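Working notes, structure below.
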Amino acid sequence: MSGNPRILILGTQGQLGIELQRAFADAGEVTAYARDFCDFSKPETIRKTIARVRPELVLNAAAYTAVDRAESEPELAMTVNGEAPGVLAEETRKLGAQLVHFSTDYVFDGSKDAPWVEEDPTNPLSEYGKTKLAGERNIEQAGGRYLIFRTSWVFSPHGHNFLRTMLRLGQERDRLNVVNDQSGAPTTAAALAKATREAVDFLQIRKSDEKNEDSSGIYHMTCAGSTTWCGFAEAIFRKSRMSGEKPWPVVAGIPTEGYPTPAKRPKNSVLSNQKLLDQFGIALPDWDLALDETLKALDLLSGDQAAMKK
Ligand SMILES: NC(=O)c1ccc[n+]([C@@H]2O[C@H](COP(=O)([O-])OP(=O)(O)OC[C@H]3O[C@@H](n4cnc5c(N)ncnc54)[C@H](OP(=O)(O)O)[C@@H]3O)[C@@H](O)[C@H]2O)c1
């Protein structure tokens, strides 16, 4: 990459896309496209976009992320999450550019009792997981320079996510039943974007040091620690100040069977981040601290929590 690289960010209106634009604002000459400029359901538009921008670095945050809807739209999800990333990888390889792509904990079946490592066998339970796995494989097969960061339970102050759903339901209900037998690591889009910037900077510095071995591969990248959806909900209400008169709801843990969804989800999808630490020296904050930061950004961190942080 040059000193002022041409950077293309795709999927710019999603949780991660918004944060990547912030994290890379001063990293080079940034072109940022949402779906209306580069539609992954029509992979040919990707070839045209790459030919026009001629990026040295591509950050892809575009994805079909509606996990349950993917069960009834598997072809569209496969085009967006499987086929399109492969086309993107082919085009970036032709330019000798670096691709950064994001994948999911849902490539695993959740059957392991310990955190999943990159080499563990994949076995997605859902159409979404299958399409994301196809995307990983197509990128690998394209043979260029790529980083695939598998992450989990992404949330941020904007977009569709569990935090915002809980805050909304918390205003409406006195009691919430939340699944307490699926474990994972809630991860903020901001922490992901910051870590991605650190990884890219690391590669650039190493390139100028001429220790230019290829770091291409799959890396797990989540916040530290883990919880259940129920534990996440409890933390949200414990840490948030109420914005009206109504007290926050009682949160009751229920088994997965008590909340049937079209897509099956893994019981344990906690990922080990050791490889990321070993290769890049990068560790994301604990999910609990990342939650505080997000509540602070929403001006919802309770006075108690804010005081504890001082
Ligand atoms: N969210 C999670 O919990 C989670 C968990 C694990 C991994 N991940 C992965 O992390 C990455 C970022 O996810 P996120 O949470 O930022 O997702 P997000 O908020 O849903 O954003 C996804 C973005 O992709 C765009 N998109 C959807 N279909 C498209 C298409 N056909 N062409 C172009 N763009 C399209 C969406 O555009 P519109 O705004 O127009 O809809 C949206 O801006 C994804 O690779 C996702 O698979 C997410």
Side-chain angles (χ1 to χ4, degrees), residues 8-23 32-46 48-49 58-70 73 75-85 87-89 99-108 110 116 122 124 126-136 138-139 146-166 182 184-193 195-196 218-223 229 232 263 265-266 269-271 284 287 290 294:
L8 174 63
I9 306 180
L10 297 169
T12 49
Q13 287 178 357
Q15 303 188 78
L16 180 58
I18 289 171
E19 297 297 341
L20 285 173
Q21 288 174 81
R22 285 207 184 112
Y33 287 154
R35 184 204 295 252
D36 49 357
F37 250 72
C38 185
D39 186 348
F40 276 43
S41 69
K42 302 182 186 99
E44 279 311 308
T45 64
I46 293 173
K48 288 184 190 144
T49 300
V58 178
L59 305 169
N60 177 33
Y64 182 112
T65 56
V67 175
D68 287 316
R69 198 169 357 117
E73 297 188 325
E75 293 88 7
L76 175 60
M78 188 57 89
T79 306
V80 174
N81 290 345
E83 193 188 331
V87 172
L88 190 59
L99 172 63
V100 181
H101 178 77
F102 296 86
S103 189
T104 174
D105 51 338
Y106 285 8
V107 296
F108 294 117
W116 295 86
T122 51
S126 62
E127 293 296 333
Y128 169 75
K130 287 179 199 162
T131 64
K132 293 295 291 184
L133 182 60
E136 291 183 2
N138 287 338
I139 290 172
Y146 68 91
L147 297 172
I148 297 173
F149 294 131
R150 281 187 191 142
T151 190
S152 65
W153 298 23
V154 178
F155 67 104
S156 77
H158 25 256
H160 299 287
N161 60 62
F162 184 81
L163 166 69
R164 289 183 23 115
T165 302
M166 286 300 112
Q182 292 172 25
T187 299
T188 52
L192 272 178
T196 302
I218 295 176
Y219 297 85
H220 292 171
M221 182 187 271
T222 70
C223 276
W229 291 113
F232 190 16
R265 288 162 169 78
S269 69
V270 180
L271 306 180
L284 277 66
W287 69 268
T294 311

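Please read all numbers here as calculations on a predicted model, not as lab measurements. Indexing begins at 1, ligand by ligand and atom by atom, following the structure's order.
- Residues meeting the salt bridge (Lys or Arg N to Asp or Glu O under 4.0 Å) test with R265, sequence neighbours left out: D68.
- Protein residues lining ligand 1, listed by chain and number: G11, Q13, G14, Q15, L16, R35, C38, D39, F40, S41, A61, A62, A63, T65, V80, F102, S103, T104, Y128, K132, T151, S152, W153, V154 [non-hydrogen atoms, distance under 4.0 Å].
- With H220 contributing its side chain and W116 its backbone, the two residues share a donor-acceptor pair below 3.5 Å.
- Note on ring orientation: taking the six-membered ring where Trp is involved, the planes of Y128 and Y106 are perpendicular (angle over 60°, cut-offs 30° and 60°).
- Within the 3.5 Å criterion, the main-chain N or O of P157 finds a donor-acceptor partner in the side chain of R164.
- Listed by first then second residue, pairs satisfying salt bridge (charged side-chain N to carboxylate O under 4.0 Å, His left out) with a partner in residues 153-163 number zero, not counting sequence neighbours.
- Judged as a side-chain contact (heavy atoms from CB on, under 4.5 Å), and not counting sequence neighbours, the contacts of T12 are I9, Q21, A32, A34.
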